[in-house]
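Here the structure is laid out as structure tokens; the discussion comes afterwards.
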Amino acid sequence: MLDFIPIFAEQASTFAPRTDALFFFLTIVSAIITLVIFLGIIFLGVKYRHKPGEDRPSVPYENVALEIAWTVIPGIAFIGIFFWGALLSYDFYNVPEDAMEINVVGKQWMWKIQHPNGRREVNSLHIPLGQPVKLTMTSQDVIHDFYIPAFRVKQDLLPGRRTQMWFEATKKGEYHLFCAEYCGTNHSTMGGTVYVMDPADYQEWLEGGPALPPVMAGEMLYQKLGCMTCHDAGARSRGPELQGMFLKEVTLKDGSVVTADETYIKESLLDPTAKIVEGFTPLMPNFTTQLNTEEIAQIIAYIKSLGDETPSRLRNQ
Ligand code: CUA
């Protein structure tokens with residue numbers, strides 16, 4: 001639809017036709033109202049213009065029925081528009097549970113992307129057709145904004161925070177992706193291509209790359225950096241146990257309670273003394289110089305994977 005007008009981007013996701021429907025509805029309604037008002041002004045201006053000898057004795061000052069009508073009808077219309085928009089927004093922020101997760105890191109001035117099996121790419125994003133895809137995103141430096149016009153989706157990436165966005169592609173092809181937040185000198189070059197492929201082709205593409213899932217890479221880092229000497233169960237309890245910790249409430253030394261989410265784990269790696277867990281001394285070294293943004297994401301993926309169950313290598317120790 002509308003492909004013949006080049007200013008409209010292609011519709012290639014489940015969000016696209018719905019977003020466009022609301023957009024065109026609002027545009028058409030605004031155009032009709034504008035037209036009615038301005039034609040009315042011109043018509044009434046001509047009809048009731050000042051003329052010599054004109055006598056208009058009974059000017060009406062009040063019309064309750066008319067006033068109720070022009071309050072209630074637009075009121076209902078605006079509430080309807082609100083719910084229409086709210087529903088779209090609700091669906092955009094509610095990621096389906098079966099969505100495939102892809103990690104995105106933005107940095108001046110490129111997009112670094114990592115797939116579930118560890119395959120990486122830069123400034124391109126390969127995704128399967130007809131499957132919900134969730135992007136978990138963060139920035140290594142300043143604020144960027146991941147924007148795919150053909151999908152009608154856009155989300156900021158912030159340093160120190162993880163944001164999410166999801167979509168489901170409905171059409172095979174190649175689409176532009178952009179950075180939509182001014183982020184420095186080469187902001188305009190910070191773009192790339194989204195490749196929507198048949199699921200089978202996507203699988204094939206996926207297996208063509210180096211396969212090290214983020215969770216495994218994270219576990220390797222965990223071992224390499226010696227985290228287990230303090231954090232594993234029974235490791236003389238110098239640090240809080242990480243088993244089953246993710247998204248749990250943690251009580252700090254000062255009595256306050258925080259949720260052990262991704263942001264908290266990241267802060268604990270980069271500024272370990274910021275939030276000391278109750279009952280522990282600040283012994284942990286600072287890992288700022290040893291870990292880049294992707295490695296932090298891998299460690300977080302590993303800690304997430306620890307869930308509630310004790311992994312086999314820690315049992316019976
Ligand atoms: Cu990144 Cu603009």
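Atoms within a ligand are numbered from 1 in the order they appear, just like the ligands themselves.
Paired with Phe15 under the rule ring pair (Phe, Tyr, Trp, His ring centres under 6.0 Å), one option of Trp166, Phe167, Phe151 passes, and it is Trp166.
Taking backbone and side chain together, Glu181 holds an N, O or S atom under 2.8 Å from atom 2 (Cu) of ligand 1. The nearest N, O or S atom of Gln108 is not closer to atom 1 (Cu) of ligand 1 than 2.8 Å.
With atom 2 (Cu) of ligand 1 as vertex, Cys183 SG and His187 ND1 subtend 120°, rounded to 10°.
With hydrogens and angles ignored, the 3.5 Å screen pairs no side-chain donor or acceptor of Asp156 with any backbone N or O of Asp145.
A donor-acceptor pair shorter than 3.5 Å cannot be found between the side chains of Thr259 and Asp261. With 3.5 Å as the limit, one finds a donor-acceptor pair spanning the side chains of Glu121 and His115.
No other N/O/S atom of His144 lies as close to atom 1 (Cu) of ligand 1 as ND1 does.
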